[in-house]
Amino acid sequence: MTAPPLLGRLYTMGSLDNDDEGFHFAVKNRLFAATLSGVDRLKVDGVTVDLSQVRLASDGVTRPAGDLGDGIAFPLRAELIVRVAGTRLAEGSHELEIAFQAEPFGDLVFDARDVVVAASPERVAVPRDRDDDQSVAAVDARRQFLVERTGVTPTHLFAGSYDPHETRGNIEHFVGVAQVPVGLAGPLLVNGEHAQGEFLIPLATT
């Protein structure tokens with residue numbers, strides 16, 4: 001069975017994954033505000049999952065799929081995590097079928113196909129701060145990361161003389177500044193609209 005185009009958009013592609021308890025996937029409300037009042041069934045690759053093993057988590061609240069009580073609020077743009085305990089999925093493609101009740105829409109059923117990918121070695125990432133990546137702490141963390149990864153402590157790179165926040169929007173993962181040789185040209189006579197007189201002109205080279 002194929003879900004109607006709009007209903008099929010509820011499933012978050014790429015969310016299917018194993019965890020310590022079993023596996024999980026995500027459903028996001030991209031349609032209309034609703035209340036989930038019950039789960040009728042969940043099938044994985046055509047096999048019905050025991051709902052006693054299923055938990056629904058949303059906005060810090062987790063409830064058993066078989067007993068949602070007064071229901072779970074599912075406002076627009078909210079994400080619902082469906083967790084299934086006791087079973088881990090093999091790597092590769094899997095087909096999910098979810099049947100549930102939602103007010104004010106009634107009974108809804110949709111299919112989704114997703115893939116469990118092989119776990120990859122954890123990638124070492126450059127430290128960053130999502131809230132303030134130009135903060136002193138964020139810059140210092142990257143500098144320490146650089147020293148530890150390379151075994152070299154730069155002599156001049158860390159000796160910047162201005163606020164790292166001035167780099168916002170112009171560079172990522174800021175750690176310092178590079179010095180380049182600067183010479184002087186002139187004095188040059190300038191007779192322009194905004195400046196007149198003799199000026200020394202800085203010239204930089206690599």
Side-chain angles (χ1 to χ4, degrees), residues 3-19 24-34 57-61 72-82 91 112-206:
L6 284 177
L7 194 57
R9 292 176 56 200
L10 290 172
Y11 184 81
T12 301
M13 291 301 301
S15 65
L16 184 63
D17 199 5
N18 289 316
D19 53 40
H24 63 268
F25 58 88
V27 178
K28 186 170 184 177
N29 189 348
R30 300 172 174 88
L31 302 176
F32 309 99
S58 176
D59 196 24
V61 177
I72 295 180
F74 197 31
L76 188 63
R77 290 183 291 277
E79 186 171 63
L80 183 75
I81 306 299
V82 180
E91 296 172 8
R113 182 176 293 276
D114 206 348
V115 176
V116 174
V117 299
S120 57
E122 186 172 345
R123 176 176 170 269
V124 177
V126 177
R128 68 185 307 268
D129 186 326
R130 293 185 179 276
D131 297 322
D132 186 0
D133 204 36
Q134 286 76 32
S135 67
V136 172
V139 174
D140 284 347
R142 282 191 292 274
R143 288 174 174 174
Q144 184 64 29
F145 176 81
L146 173 62
V147 172
E148 292 176 354
R149 297 287 293 181
T150 65
V152 176
T153 301
T155 302
H156 302 290
L157 181 64
F158 298 164
S161 60
Y162 58 89
D163 185 351
H165 287 91
E166 295 181 19
T167 69
R168 189 188 303 275
N170 293 302
I171 191 170
E172 295 182 6
H173 299 153
F174 174 84
V175 293
V177 295
Q179 299 188 55
V180 296
V182 176
L184 292 177
L188 298 181
L189 180 61
V190 175
N191 186 17
E193 180 179 354
H194 301 290
Q196 295 182 353
E198 292 186 342
F199 296 88
L200 294 175
I201 308 299
L203 296 179
T205 177
T206 57

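Residue indices begin at 1 and follow the sequence shown. Computed from heavy atoms alone, side chains included, the values below leave out hydrogens, waters and symmetry copies.
- For Arg128, there are no salt bridge (charged side-chain N to carboxylate O under 4.0 Å, His left out) partners at least two apart in sequence or on another chain.
- The structure places NZ of Lys28 at 11.5 Å from CG of Leu10, a figure rounded to the nearest 0.5 Å.
- More than 12 heavy atoms of other shown residues, nucleotides or ligands fall within 6.0 angstrom of atom CD in Gln196.
- When the salt bridge (charged side-chain N to carboxylate O under 4.0 Å, His left out) test is applied to Asp114, no partner is found at least two apart in sequence or on another chain.
- Nearest approach of Gln134 to Pro164, heavy atoms of both residues: CG-O, 3.3 Å.
- Side-chain contact between Val124 and Phe145 is present, with heavy atoms from C-beta onward closer than 4.5 Å.
- Looking at heavy atoms from C-beta onward, Asp133 lies in side-chain contact with His173 at the 4.5 angstrom threshold.
- Formation of a donor-acceptor pair under 3.5 Å by the Asp129 side chain with backbone atoms of Asp132 is found in this model.
- Tyr11 places none of its side-chain heavy atoms less than 4.5 Å from the side chain of Val82.
- Shown here are the salt bridge (charged side-chain N to carboxylate O under 4.0 Å, His left out) partners of Asp19, two or more places apart in sequence or in another chain: Arg83.
- Between Val175 and Pro154 there is no side-chain heavy-atom pair separated by less than 4.5 Å.
- Panel note: side chain Asn29, backbone Phe32; a donor-acceptor pair is recorded below 3.5 Å.
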